[in-house]
Amino acid sequence: MTPPLLLSSFHRLRANAGDYDAICRTLAECACEIDGAMAAGVFLRDYAGETLFIAGRFPAGGSLNEDCQRLEVDDLDDPVCYCLHTGIPAAFTQMPELPKSVRLISASPDIRSYNIYPLPEREAGGMGCVLTLFRSSPRGKQTVCQYLCLYAGALLELARGRKQSGYALQTLEKEIRQLKEDKIQRQTLTFAGDSPAAHHLRSAISRVSNSNAPLLITGETGTGKSLLARMVHNAGKRSGGPFLEINCGALPANLLESELFGHVRGAFSGAVSNARGLLRSADGGTVFLDEIGEMPPQLQVALLQVLQEHKVRPVGGAKFYPVNMRIIAATNRDLNEAMNAKDFRRDLYHRLAVLKIHIPPLRERREDIPGLCSLFLERCCKKSGMSVLNFSPDAHLMLLGYSYPGNIRELESIIEQAVNNSPHNSIELGMESLVSHAENGFRCISLSDFREMQESWFIQNALKLYNGDIQACSKAIGVHPRTIRRRLSSAKID
């Protein structure tokens, strides 16, 4: 009776060729019939190769919750996992204590024995296992079941190839869309302006983009630290990899740890499956840690270990995984003060600040304001479906004279709100459309005031070049030392 039953099973499996889930269900049913078992289940590796999940079961009572019904591939204490690694079928009889794999297939207290048959894979290791359960000593037909698993394994490989091809096509289409969006973004991802600060920032991006060393970006809130980090990634040799970012001050310590380093199933309440974490998911790319100064002290130690050893251990796990990513960190805090206050580790700072870029506030690079205004105005009009507006002269003067405590982000917000609140038949943005959106109120400045601001900016930067030596600076720029002191005094700088 066995050969006809085996041939019948082959036909039933063949009828479901191409349907991954149907093959698994049919395989469990056929194995149960051939082996004379009361229940059977099919365990298969997931795509990551880290866990086994129940892909088919007979009888098919209850729902298959994959997140809860998984086995760790490395758990060799479970005979299913051991059989997967060895590739050898096994029979277990009169077992007083049943392993988890058996309990996942059937909750019956009558189970005493079980057989395990590997599902072979041509290229690497095993694909999975078939588990058949018995009330008493097994009377299974091992050789026949092995033939069944060989045939089913071949069909599953073909079906999995189709399934992966479908996923690959969807992923490719998604990546193409993302590349198109990134190309549009990269055309606008630039520090617009002709100020020395803007030129310096563009030069710094070229200088650090192809390095693998960590980069620390400092600057006030809203100066564009996230934008600069993305520009560095896009301009470098890691641009083909992912760019993943996280705000270290926006998450509680336990959640931030899991997001960064990943976790294993059961590491904490709610961890129903393994998670790779950002540091492993950014393989070949960049991880941007915004507001690194807010990272809790205990996580600073773990991050320091990653930077030193280039490997990471998930929360609750014992195994270390190598990582290949670049870390770019940013902060608006004075990390020197944080280190003195013991809020930030000095050794971590030196690891992160191998390369450094400081973004000056917008009030120190006012020459860039007109270019930024034009860029934001054009972008906001396009987003709102309006024809491109112009600024009235008094609006231009107001934008030049404002202090911008929120920096570039605030400037963009002011212009976006003004555009969205202006009538669709407007041809320009006037002073009245901008005044209500500034935090500290606009003020119109005269030409002499603007010239004085420019001179003060130039003198301050010239002094930095000469390390605060007023005499040397005055000789270099052709200005009397009293003029330099007066400008410093008016700007309230010691």
Does some side-chain heavy atom of [Y] sit less than 4.5 Å from a side-chain heavy atom of [X]?
X: Ile34; Y: Ser9; result: yes
X: Leu289; Y: Leu278; result: no
X: Asn407; Y: Ile359; result: no
X: Ile415; Y: Leu411; result: yes
X: Ser211; Y: Arg326; result: yes
X: Ile105; Y: Tyr114; result: no
X: Phe288; Y: Ser226; result: yes

Query raised in the report: What residues, two or more places apart in sequence or in another chain, satisfy side-chain contact (heavy atoms from CB on, under 4.5 Å) together with Val301?
Result: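 Once residues adjacent in sequence are excluded, the partners of Val301 under the side-chain contact (heavy atoms from CB on, under 4.5 Å) criterion are Arg345.
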Requested in this report: Output all residues satisfying side-chain contact (heavy atoms from CB on, under 4.5 Å) with Pro322, sequence neighbours left out; order by chain, then residue number.
Outcome: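 Result, side-chain contact (heavy atoms from CB on, under 4.5 Å) vs Pro322: none returned.
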Report task. Enumerate the residue pairs fulfilling ring pair (Phe, Tyr, Trp, His ring centres under 6.0 Å) with a member in residues 244-275, sequence neighbours excluded, ordered by first and then second residue. Result ->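 Matches after skipping sequence neighbours: His263-Phe268.
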Query raised in the report: What pairs with Ser209 under side chain to side chain donor-acceptor pair (under 3.5 Å), at least two apart in sequence or on another chain?
Result: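 With sequence neighbours excluded, Ser209 shows a side chain to side chain donor-acceptor pair (under 3.5 Å) to no residue whatsoever.
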Query raised in the report: By side chain to side chain donor-acceptor pair (under 3.5 Å), which residues pair with Arg12, not counting sequence neighbours?
Result: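 Counting only residues at least two positions away or on another chain, Arg12 forms a side chain to side chain donor-acceptor pair (under 3.5 Å) with Glu29, Glu33.
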Query raised in the report: Under the ring pair (Phe, Tyr, Trp, His ring centres under 6.0 Å) test, which residues partner Phe376, sequence neighbours left out?
Result: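 Listed in chain order: nothing, the list is empty.
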**Report entry** Any donor-acceptor N/O pair, Arg57 side chain to Ala40 backbone, under 3.5 Å
**Finding:**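 Not confirmed, Arg57 side chain does not pair with Ala40 backbone.
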Query raised in the report: Donor-acceptor pair, Gln300 side chain versus Asp343 backbone, under 3.5 Å?
Result: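 Pair found, side chain donor or acceptor close to backbone of Asp343.
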Query raised in the report: Would the number of heavy atoms belonging to other residues, nucleotides or ligands and lying under 6.0 Å from OH of Tyr147 be above 12?
Result: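 Not more than 12 within 6.0 Å, no.
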Report task. Start with the C-alpha gap between Arg351 and Ile327, add the side-chain angles, then the distance that decides, and say whether side chain to side chain contact (heavy atoms under 4.5 Å, CB included) holds. Result -> CA-CA 10 Å; Arg351 283 286 182 180; Ile327 286 184; over 6 Å; no
Query raised in the report: Can you list the steps and then say if Leu131 with Leu104 is a side chain to side chain contact (heavy atoms under 4.5 Å, CB included)?
Result: CA-CA 11 Å; Leu131 180 65; Leu104 290 178; over 6 Å; no
Report task. Give, for atom CD1 of Ile116 and atom SG of Cys149, the distance between the pair rounded to the nearest 0.5 Å. Result ->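 It comes to 11.5 Å.
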Report task. Starting at CE of Met231, measure out to CD1 of Ile357 and round the result to the nearest 0.5 Å. Result ->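 Separation between the atoms: 9.5 Å.
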Report task. Apply side chain to side chain contact (heavy atoms under 4.5 Å, CB included) to the pair Asn115 and Cys145, showing each step before the final yes or no. Result -> CA-CA 10 Å; Asn115 291 343; Cys145 281; over 6 Å; no
**Report entry** Full working for side chain to side chain contact (heavy atoms under 4.5 Å, CB included) between Leu119 and Val42
**Finding:** CA-CA 9 Å; Leu119 285 167; Val42 178; 4.0 Å; yes
Would you list the atom pairs, donor with acceptor, under 3.5 Å between side chains in residues 77-85 and any protein atom, with sequence neighbours excluded?
| residue | atom | partner | partner atom | Å |
| --- | --- | --- | --- | --- |
| Asp78 | OD1 | Val80 | N | 3.0 |
| Asp78 | OD1 | Ser101 | OG | 2.8 |
| Asp78 | OD2 | Ser101 | N | 3.1 |
| Asp78 | OD2 | Ser101 | OG | 3.4 |
| His85 | NE2 | Val73 | O | 3.0 |

Excluding sequence neighbours, so at least two apart, what forms salt bridge (Lys or Arg N to Asp or Glu O under 4.0 Å) with [X]?
X: Asp334; result: none
X: Arg280; result: Glu50
X: Lys356; result: none
X: Glu259; result: none

Atom pairs and distances, donor-acceptor, side-chain atoms in residues 307-319, under 3.5 Å, two or more places apart:
none

Query - Among Glu416, Glu412, Glu378, the one residue meeting salt bridge (Lys or Arg N to Asp or Glu O under 4.0 Å) with Lys383 - result: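 Result: among Glu416, Glu412, Glu378, Glu416 is the only option passing the salt bridge (Lys or Arg N to Asp or Glu O under 4.0 Å) with Lys383.
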Query raised in the report: Just one of Arg409, Arg333, Arg363 clears the salt bridge (Lys or Arg N to Asp or Glu O under 4.0 Å) bar with Glu220, so which one?
Result: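 Among Arg409, Arg333, Arg363, the one meeting salt bridge (Lys or Arg N to Asp or Glu O under 4.0 Å) with Glu220 is Arg363.
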Query - Exercise: do His199 and Arg202 side chains pair donor with acceptor under 3.5 Å - result: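 The criterion, which ignores hydrogens and geometry beyond distance, is satisfied for Arg202 and His199.
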Requested in this report: Quick one: closest heavy-atom pair of Pro242 and His233, and the distance?
Outcome: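 Distance-wise, the nearest heavy atoms are O-CE1, 3.5 Å.
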